[in-house]
Amino acid sequence: MKLSELIRIQETLRKKIEPVYSGNNVQFVAGCDVAYTHENSIACVVVMKMSEMSIVETSFHKEKTRFPYIPGFLAFREANAIARAIAKIKTTVDVFILDGHGIAHPRRMGLATHAGILVDRPTIGCAKSLLAGTYRMPGKEKGDFSTVIIDNEVVGICLRTKKGAKPVFVSPGNHMDIENSIKIVLQCTANYKTPEPLRLAHIFANRKKNMEA
DNA sequence: GCGACAG
DNA sequence: ATCTTGTCGC
């Protein structure tokens with residue numbers, strides 16, 4: 001498939017973005033991540049109870065990797081596997097946190113946005129580095145943040161989730177807004193810079209990969 | 001043309 | 001992301 005076609009798909013999906021979180025107070029949060037083998041993609045979803053940060057359910061989905069990693073098109077590589085793993089979850093999850101950007105993307109279609117549209121559920125993107133845009137380094141205290149701007153638009157934030165640790169980039173996916181994104185990410189982050197559900201999904205996906213390998 | 005570029 | 005052990009630093 002040509003890159004120009006993928007861009008057309010992103011521009012079409014972009015029109016479906018719902019920039020508002022109309023859910024209730026978050027009771028269940030989930031982290032989604034993918035680990036790779038030479039030929040397979042292993043997606044993992046970890047659902048946790050927000051109030052106790054305890055695991056309530058996990059799911060996995062393995063499939064052949066059909067798309068390479070191309071900056072700006074990560075969703076075409078991971079979104080399907082993640083959507084399938086999410087489909088196996090029985091718990092009614094309030095919000096899903098994904099490893100990548102939401103609308104902090106050239107066409108506002110980062111992994112979290114794309115996957116959020118596929119499953120039609122609230123999603124937040126939490127990336128370790130910037131894909132596009134500009135920002136100022138935030139303060140060193142937990143909770144300090146600065147805005148990420150693309151095309152003169154605030155699309156997300158650079159957030160310090162842990163004192164002294166490298167900040168993460170948070171942006172709304174689908175059915176989500178910046179304010180709630182910040183609140184939710186900070187709410188499920190304690191001893192590590194990465195939100196607990198996402199941190200565990202990363203560990204579990206890799207554990208699963210190393211077993212069959 | 002040059003440099004940047006989530007996982 | 002993946003290939004990989006110990007090691008420097010708070």
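Atoms considered below: every heavy atom in the structure, side chains included; atoms not considered: hydrogens, waters and symmetry mates.
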Practice problem: Just compare B:dC5, B:dG7, C:dT2 and give me whichever is closest to any side-chain atom of A:A35. | Solution: C:dT2
Quiz item: Taking atom C1' of B:dG7 as reference, at what distance in whole Å does atom CZ of A:R199 sit?
Solution: 19 Å
Practice problem: Could you check whether A:G72 gets within reach of a base, just the sugar-phosphate, or nothing at all, counting any heavy atom under 4.0 Å? | Solution: base
Quiz prompt | Distance in angstrom units between A:I150 CD1 and B:dA4 C1', rounded | solution = 13 Å
Quiz item: Are any of the side-chain nitrogens in A:R108 or A:D151 under 4.0 Å away from the carboxylate oxygens of its partner?
Solution: yes
Quiz item: Would you say B:dG7 has OP1 or OP2 under 4.0 Å from some side-chain N or O of A:K128?
Solution: yes
Quiz prompt | Centroid-centroid distance, A:F169 to A:Y135, less than 6.0 Å | solution = yes
Quiz item: Taking atom C1' of B:dC5 as reference, at what distance in whole Å does atom CG of A:L131 sit?
Solution: 6 Å
Practice problem: Toss me the dot-bracket line for DNA chain C: Watson-Crick and G-U wobble, both under 3.5 Å, 5' to 3', using | for pairs to another strand and [ ] for crossers. | Solution: ..........
Quiz item: What nucleotide, of B:dG7, C:dA1, C:dT2, holds the atom closest to the side chain of A:N206?
Solution: C:dT2
Quiz item: Base, sugar-phosphate alone, or nothing: which one does A:H114 contact when heavy atoms must sit under 4.0 Å apart?
Solution: nothing
Quiz item: Is a salt bridge present between A:D94 and A:R121, judged by a nitrogen-to-oxygen distance below 4.0 Å?
Solution: no
Quiz item: Does the pair A:E196/A:R199 count as a salt bridge with the N-to-O cut at 4.0 Å?
Solution: yes
Exercise. Quick one, give me the B/S/- string for nucleotides 3-10 of chain C, reading 5' to 3', where B means a protein heavy atom under 4.0 Å from the base and S means that only happens at the primed atoms, P, OP1 or OP2.
Key: --------
Exercise. Calculate the interatomic distance between A:H101 atom NE2 and B:dC5 atom C1'; express it in whole Å.
Key: 11 Å
Quiz item: Under a 4.0 Å N-O cut-off, is there an ion pair linking A:E52 with A:K49?
Solution: yes
Practice problem: Give the rounded distance in Å between these two atoms: CZ of A:R107 and C1' of B:dC5. | Solution: 12 Å
Quiz item: Is there a donor in the side chain of A:N40 and an acceptor in the side chain of A:E63, or the other way round, less than 3.5 Å apart?
Solution: no
Quiz item: Looking for any heavy atom pair under 4.0 Å, which part of the strands does A:F76 touch: base, sugar-phosphate only, or nothing?
Solution: nothing
